[in-house]
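Every chain is numbered from 1, with letters handed out A, B, ... down the list of sequences.
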Amino acid sequence: MTLEKRLTRRKFLGVSTGAAAGAVAAGAIIGGIAGYFAGQSTAPTKEVTRTVTTTVAGPAQTVTKTVEKPVTEKVKAGYVYVGPVGDFGWTYSHDLGRKWADARLANVESTYIESVPEAEAAGAIETLLAEGYELIITTSFGYMDATAEMAEKNPDKYFVHISGYRSGAAGNAPENMSAAFAEFYQLYYLNGLAAGAVTKTGVVGYVAAHPIPEVIRHINAFVLGANYAYKKRTGKNIKAYVNWLFSWFDPGKTRTAAVSLIEEKNADVLAFTEDSPTTLQVAEEYTTQKGKQVWSLSHYGDMTQYGPNSHLTGQIVNWGPLYLEFYRMVATGTWQSVDIWTRIGDYLPWRWRLPVEKSTAGKPEGTVYLAPLNPAIPSEWQLEIKRRYEEMKELLFEPFSPEGNLDQPIRDQAGEVRIGPGERADHDMLWTMDWFVEYIESELPKV
Amino acid sequence: MRSALPLIRVQRRLEVPRRVSAAVSAVFILLSFAVAALIFELMGVSSIATFGVIASVFTNPNLLLQAILRGLPIGLAALGLSIAFRMNFWNIGAEGQLYMGMFAATGVVLLHEYQGLIAEPLVIVFMVLASFVAGGLYCALSAALKAKMGVNEVLTTLMLNYVAILFVDFLVYGPWRDPKGFNFPLSIQFPDYARLGFVMGSPSYEGLAMLLVVAFLVYGLMRHTTLGFEMRVVGESPEVAKHAGISYAKALIIGGFISGGLAGIAGFSVVSGIIGRLRPRASPGYGYTAIIVAFLALLNPWLIIPASIFFGGLIVAGDLIQASLKLPFAAVQIFQSIIFLFIIAGEFMKRYRIIVSWR
């Protein structure tokens, strides 16, 4: 009864806030459209204005009145990429995001420099500035210092750094620098649910890039999810093993790491943080050629084609909405330093949850979303994944809480309680995570 | 009977006059530009526009400063290598010595930050000295092995590169990790007094001055000191050196120490001038590029300065070609590789003549 009551209240709240938000949004959209056209009509150069006054035709008449200052020019955005755009992973996804955003703002011109070594980022940024680019977007953690340094030297230009922790908003960089990141840990938890639902051996593996907080929290989230599903199914704890690459892109080493997880540790679901579909391809080889069903995931883009028989689900990103936001800030002169951290539910047209049967899990939306769910995932677990996905849109569920761990406190490998009853991991805990959950057998490379 | 195939023989040239050598280098660089132009045309890009873009690296003041900055570690390491190569000591380990230099320079900063053992204005001086000693000892190790036990230095210097790179990895993933750095594998950020760039806001000015001073010292050492003379004799012929009463081991180890030390200072210039902290894989191969630069400059310390700036400029040009002509990175790699390849081919042509004869 109480549950019912709570639900109705929330539904009511959802509808009423939805209606209010809808009204505001409608107002904003209308305003935005009006502003956009107004902006467009102020955009042309002086010469255009002159021709307009001579022709004296149509809606352009207003132009002569609204133009007070000469000319806002195109937003020139320059991107610095760490890998080649053809990596089908990290850099590929950023380039898709760039194109997505470019297609949605007429007044932008963008370019990129790819495969820039992290030590040489300052030079690449300098080059873009010399070419007249005013919004610089750097897309690797290793570019952080160089970006901040260049932001300091060029206070009239705008800088966005992806995946770091320095920004004007955070107070450790100049005001013309922002930080942004599309965060996957919730999706990794859902991947874990899928993994725990299909594993036969009760062992999951993880091919991991670098032992940094981002990767560690993704591993932990994945393993928590896998344990949740597996324990509920069988009553036993999941076992998880991690192999480190110490590289973001290394298909050769990834293959070795994945094979060793399957052969030596008997893992039959492999998650990974590496910028190529290699892990999935290895899983596919085992499934189709070696007679052992091994599952893997999509990473950053839909990789189904690389392993149609082994693709469980996965984490996908669309950086476009983030980039579009920064384009707009620069185009409209409304820049302010931000430290954006997007999760499930952000950048959706609305952010209340849908009923499970209408869930959008597995469909493109927002900035981070699930890859298509393989029908091989048992239907009750498909529903569970969808339910959690929808709950996370409203942040009603947090993987790093006892609720995500079958109501048990979350312990680290030493048995110490890290997240106790009634607690949730906050931003700082997630951003500095340097411990493994108890179900992981491998050690974390450490001091 | 006349064979259908010509007989190709490779014969070593005995003596190569300096002018011929310079001319060969120039011809091969021009040839490389011609081939690169051809490839750009094949990709549908105007080669004139491309070379215009590349030239702008050396005309735009900001980009030129960047080219000098990129050329700085390459040039310092190449100056060191020029000494080693004159001794016929094939030091392939500038990359590793560079990493040891970065390690030592960072160590000094940490010592000051945590222990306060060094006065603030002296930190940068100690960084230079420490990186020189660290790089030098690292190279002297290989030199001593060669001098005392006849171990091939190509193998030891090359393999010690990986040891140094992994050692730095260990430090930044472990004990030297920034406690406030969210556990990312980075050292603390260097404070301003440990950074190059106090003259007119760009480390390039100090960098250029450093290059000039070091080139002057290397030139003086090799031309006007007994030690330099001994090192050159050792390089020409260890036998002659022995008969002349020159200690082969002493000259080799001291020369190796200086050679590695300069690569160490190159490492200092990377952490202090370019990056501002220690991080894994901080050098994208400056120590290897330095080998090509040293040969392109005919092991002449003065020529190494323009040659290293030229190579620094090529790196910047790579970015510029991508940004302004929207060419992929692969095109940049092709362009840079063609230039490298032709320079190496030119080195071969200087040393050997190819004789084609019909039997």
Side-chain angles (χ1 to χ4, degrees), chain A residues 76 78-81 83-86 91 110-133 141-142 144-146 148-149 152-154 163-166 172 210-216 244 246-247 428 430-435 444-447, chain B residues 53 56-57 60-67 69-70 73 166 169-170 173-177 180-186 189-190 195 197 201-203 270-271 273-277 279-286 312 315-330 332-333:
Chain A
K76 288 190 79 184
Y79 291 73
V80 183
Y81 294 151
V85 291
T91 297
S110 76
T111 191
Y112 64 83
I113 303 180
E114 59 180 343
S115 299
V116 176
E118 297 188 330
E120 303 203 327
I125 296 170
E126 188 84 72
T127 310
L128 288 168
L129 294 175
E131 286 286 297
Y133 291 91
F141 175 76
M144 182 171 66
D145 294 328
E149 210 167 280
E152 198 148 340
K153 277 190 200 160
N154 300 276
S163 76
Y165 54 81
R166 293 184 69 180
N172 46 16
H210 286 283
I212 59 169
E214 174 196 337
V215 179
I216 292 169
W244 296 100
F246 294 95
S247 165
D428 276 1
L430 294 170
W431 246 243
T432 56
M433 201 170 267
D434 60 349
W435 46 272
L444 186 56
K446 263 192 110 170
V447 204
Chain B
V53 166
S56 73
V57 171
N60 178 320
N62 280 336
L63 294 180
L64 184 60
L65 285 179
Q66 275 296 325
L69 192 57
R70 301 307 178 70
L166 291 170
D169 274 9
F170 160 74
Y173 276 101
W176 283 11
R177 184 143 49 171
K180 293 194 201 95
F182 295 87
N183 272 309
F184 284 100
L186 301 169
Q189 243 186 307
F190 287 7
R195 296 292 308 267
S202 166
V270 172
V271 287
I274 302 181
I275 310 180
R277 61 167 85 189
R279 48 169 304 133
R281 314 294 149 106
S283 159
Y286 293 129
I315 301 175
V316 178
D319 294 345
L320 202 60
I321 289 172
Q322 286 193 60
S324 62
L325 300 172
K326 319 242 158 153
L327 284 175
F329 180 63
V332 174
Q333 276 182 314

Is there side-chain contact between [X] and [Y], with at least one heavy-atom pair below 4.5 Å?
X	Y	result
Tyr286(B)	Ile274(B)	yes
Pro175(B)	Phe170(B)	yes
Asp319(B)	Val80(A)	no
Leu129(A)	Asn62(B)	no
Gln322(B)	Val332(B)	yes
Leu69(B)	Pro203(B)	yes

Considering only heavy atoms, which portion of [X] lies under 4.5 Å from any heavy atom of chain B: side chain, backbone, both, or neither?
X	value
Ala146(A)	neither
Ser247(A)	neither
Phe141(A)	side chain
Tyr81(A)	neither
Glu126(A)	both
Pro117(A)	side chain
Glu118(A)	side chain

Heavy-atom proximity to chain A below 4.5 Å, by part of [X]:
X	value
Ala282(B)	backbone
Pro280(B)	neither
Gln189(B)	side chain

Does Lys76(A) use its side chain to pair, donor to acceptor, with the backbone of Glu131(A) at less than 3.5 Å?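 Yes, Lys76(A) side chain to Glu131(A) backbone: donor-acceptor pair under 3.5 Å.
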
Which of the residues Leu327(B), Ile321(B), Leu320(B) is involved in the greatest number of heavy-atom pairs with chain A at under 4.5 angstrom?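 Maximum pair count with chain A is reached by Leu320(B).
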
Are Arg70(B) and Glu120(A) ion-paired here, with the side-chain N under 4.0 Å from a carboxylate O?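 Yes, charged N to carboxylate O under 4.0 Å.
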
Apply side-chain contact (heavy atoms from CB on, under 4.5 Å) to Leu444(A) and Trp244(A), showing your working. CA-CA 9 Å; Leu444(A) 186 56; Trp244(A) 296 100; 3.7 Å; yes

As an exercise: rank Val85(A), Ile113(A), Ile212(A) by heavy-atom pairs under 4.5 Å with chain B and give me the winner.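 Looking at each of Val85(A), Ile113(A), Ile212(A) in turn, Ile113(A) comes out on top.
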
If we define contacts as heavy-atom pairs under 4.5 Å, which of Asp145(A), Val116(A), Thr432(A) has the most with chain B?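 Between Asp145(A), Val116(A), Thr432(A), the count favours Asp145(A).
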
